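Report on the following structure.
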There are 2 protein chains.
Amino acid sequence: MSAHAYLVDDDEAIRDSLGWLLESRGVTCVSYPSAEDFLAAWSPSLAGCVLLDIRMDGMSGPELFDVLRERGSRLPVIFLTGHGDVPMAVSALKKGAFDFVEKPCNDNELVNRVIEALKLDENQRAAASGADSVNSLVSRLTTREQQVMDLVLAGKLNKVIADELQVSMRTVEVHRANLFEKMGVRTAVELAQLLAGKR
Amino acid sequence: MSAHAYLVDDDEAIRDSLGWLLESRGVTCVSYPSAEDFLAAWSPSLAGCVLLDIRMDGMSGPELFDVLRERGSRLPVIFLTGHGDVPMAVSALKKGAFDFVEKPCNDNELVNRVIEALKLDENQRAAASGADSVNSLVSRLTTREQQVMDLVLAGKLNKVIADELQVSMRTVEVHRANLFEKMGVRTAVELAQLLAGKR
DNA sequence: GCGCATATTGTGGAAATCCGCAATGTTGTG
DNA sequence: CACAACATTGCGGATTTCCACAATATGCGC
């Protein structure tokens, strides 16, 4: 399951030439003749980047892009167009497209963009896996443990937490110890560091 | 020192009409006939956003934009152009321009963009001032206190910190209490929260 | 030298946390 | 119903933190 460049274009000649270009530079490619075909093959775990033609039969490039974003994909998308107009480029980039290039374009430039996009995706996935692992840890906590954790993270003493939750201090201590164990930390500070930014 | 929209365009007619449009919607404006004039008036504390013409005598819009970014400004910039081309728009947006619109354009749209840009700038400044205030707090700590703080944030016990710094536990306790005082927190967790993200 | 900030250490007690051992009640599933 | 998971509480002791009171030493500016 390595990263590939996904070519989505209804023009077979372009798919072939772009595919050959990228492959020759060491970028593995998978081609799709339509947005629908790519969408059918897509899954959240697909890694890499997308080279997406603007105008296609059926679903257009921008439409596919919107669908991918709606489905939570952060796959870098490079739009390709032979008849670009400024508002479309602006719209695409403001929505988070990685790049927007006009055909024909400089081969070297394009390959460089693709490589940058692949690198971005890799970094994003690394960051996301960090957040995910934290979330999965948190999700393994019981309701009570999460409540206690929130109060611990608010810097409150066990005594105060016990009072707010209307339980004994001992109970809080137990939950606290259990959640520390589950979160794999030894102190409240480590917990705060672990959750810094996420959640 | 409130936020304004700064109009930079060498066409007086456009400065006037845009200025009137924005003022009529409650956005105060200041106009400059050239990039050089704006740059002369610019300071890091200037708040608001910039409406910047692409093609001007002397320094061009993109050139001014680059200079501002080099000087550390994060002022949102909306590019205005009567003869836009796609690569220029792509380049501007990828460099961090807020928007790129072609003249003539829909008045409502433009005003909305300006208002969004002003809001973005305000948010950015609020976030930055937060980071600054934290940094200024940290800078008031003595060397030793910062060392202790680092180790505290690493979740280490006073005993361990004392060992690593080759001093007595009591000394660590003193530094710890002093730095908590200076940072305005009561617990290590609050300290971690305060510094989450920054530094 | 004097004053001030900083760094250092000690004593001792109050407060809080950490933890093993033990037990009870509730809830949901097979 | 038996079993497992969760929530709850108490006891007692070890460890740690918090803090007031007190003292010594170093370096820097006036």
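The figures that follow rest on heavy atoms only: side chains count, while hydrogens, waters and symmetry mates do not. Residue numbers begin at 1 in each chain, while the letters A, B, ... track the order of the sequences. These figures come from a predicted structure and were not determined experimentally.
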Quiz item: How many Å lie between NZ on Lys156(B) and C1' on dT17(D), as a whole number?
Solution: 19 Å
Practice problem: Round to the nearest Å and state the distance from His175(B) atom NE2 to dT9(C) atom P. | Solution: 8 Å
Quiz item: Roughly, in whole Å, what's the span from NZ in Lys182(A) to C1' in dA7(D)?
Solution: 12 Å
Quiz item: Looking at Thr171(B), does any N or O in its side chain come under 4.0 Å of the phosphate oxygens OP1/OP2 on dT9(C)?
Solution: yes
Quiz prompt | Option among Glu173(A), His175(A), Arg170(A), Arg176(A) that satisfies the side chain to side chain donor-acceptor pair (under 3.5 Å) test with Asn158(A) | solution = Arg176(A)
Quiz item: According to the interplanar angle, ranging from 0 to 90°, do the rings of Phe38(A) and Tyr32(A) count as parallel (below 30°), tilted (30 to 60°) or perpendicular (above 60°)?
Solution: perpendicular
Quiz item: Which one, dT8(C), dA7(C), dT9(D), comes nearest to the side chain of Thr143(B)?
Solution: dA7(C)
Quiz item: Only one of Asp9(B), Ile78(B), Val101(B) forms a side chain to side chain contact (heavy atoms under 4.5 Å, CB included) with Leu51(B), so which one is it?
Solution: Ile78(B)
Quiz item: Quick one: Leu179(B) CG to dT6(C) C1', roughly how many Å, whole number?
Solution: 14 Å
Exercise. Let me know the distance between CG of Leu165(A) and P of dT9(D), rounded to the nearest Å.
Key: 10 Å
Quiz prompt | 5' precedence on DNA chain D between Arg140(A) and Leu157(B) (nearest-nucleotide basis) | solution = Arg140(A)
Self-check item: Any Ser168(A) side-chain N or O less than 4.0 Å from OP1/OP2 of dT9(D)
Solution: yes
Self-check item: Sugar-phosphate only, base, or nothing, as touched by Thr142(A) at under 4.0 Å among non-hydrogen atoms
Solution: sugar-phosphate
Practice problem: Figure out the CD/P separation between Gln147(B) and dA7(C), and round it to whole Å. | Solution: 9 Å
Quiz prompt | Atom pair distance, as rounded to whole Å: CE in Met169(A) and C1' in dG12(D) | solution = 13 Å
Quiz prompt | Pairs involving residues 60-89 of chain B, ordered by first then second residue, that meet salt bridge (Lys or Arg N to Asp or Glu O under 4.0 Å) (sequence neighbours left out) | solution = Asp66(B)-Lys95(B)
Practice problem: Check the side chains of Arg25(B) and Asn108(B) for a donor-acceptor pair under 3.5 angstrom, ignoring hydrogens and angles. | Solution: yes
Exercise. Run through Val8(B), Asp10(B), Leu7(B) and flag the one making a side chain to side chain contact (heavy atoms under 4.5 Å, CB included) with Asp53(B).
Key: Asp10(B)
Quiz item: How does protein contact run along nucleotides 18-28 of chain C, one letter per nucleotide 5' to 3', with B for base contact, S for sugar-phosphate only, - for none, heavy atoms under 4.0 Å?
Solution: BBBB-------
Exercise. Kindly point out which of dT15(D), dA16(C), dT9(D) is positioned nearest to the side chain of Lys159(A)?
Key: dA16(C)
Quiz item: Within the side chain of Gln193(B), is there an N or O that forms a donor-acceptor pair under 3.5 Å with the backbone of Ala192(A)?
Solution: no
Quiz item: Just how far, in rounded Å, is C1' of dA7(D) from CG of Asn178(A)?
Solution: 10 Å
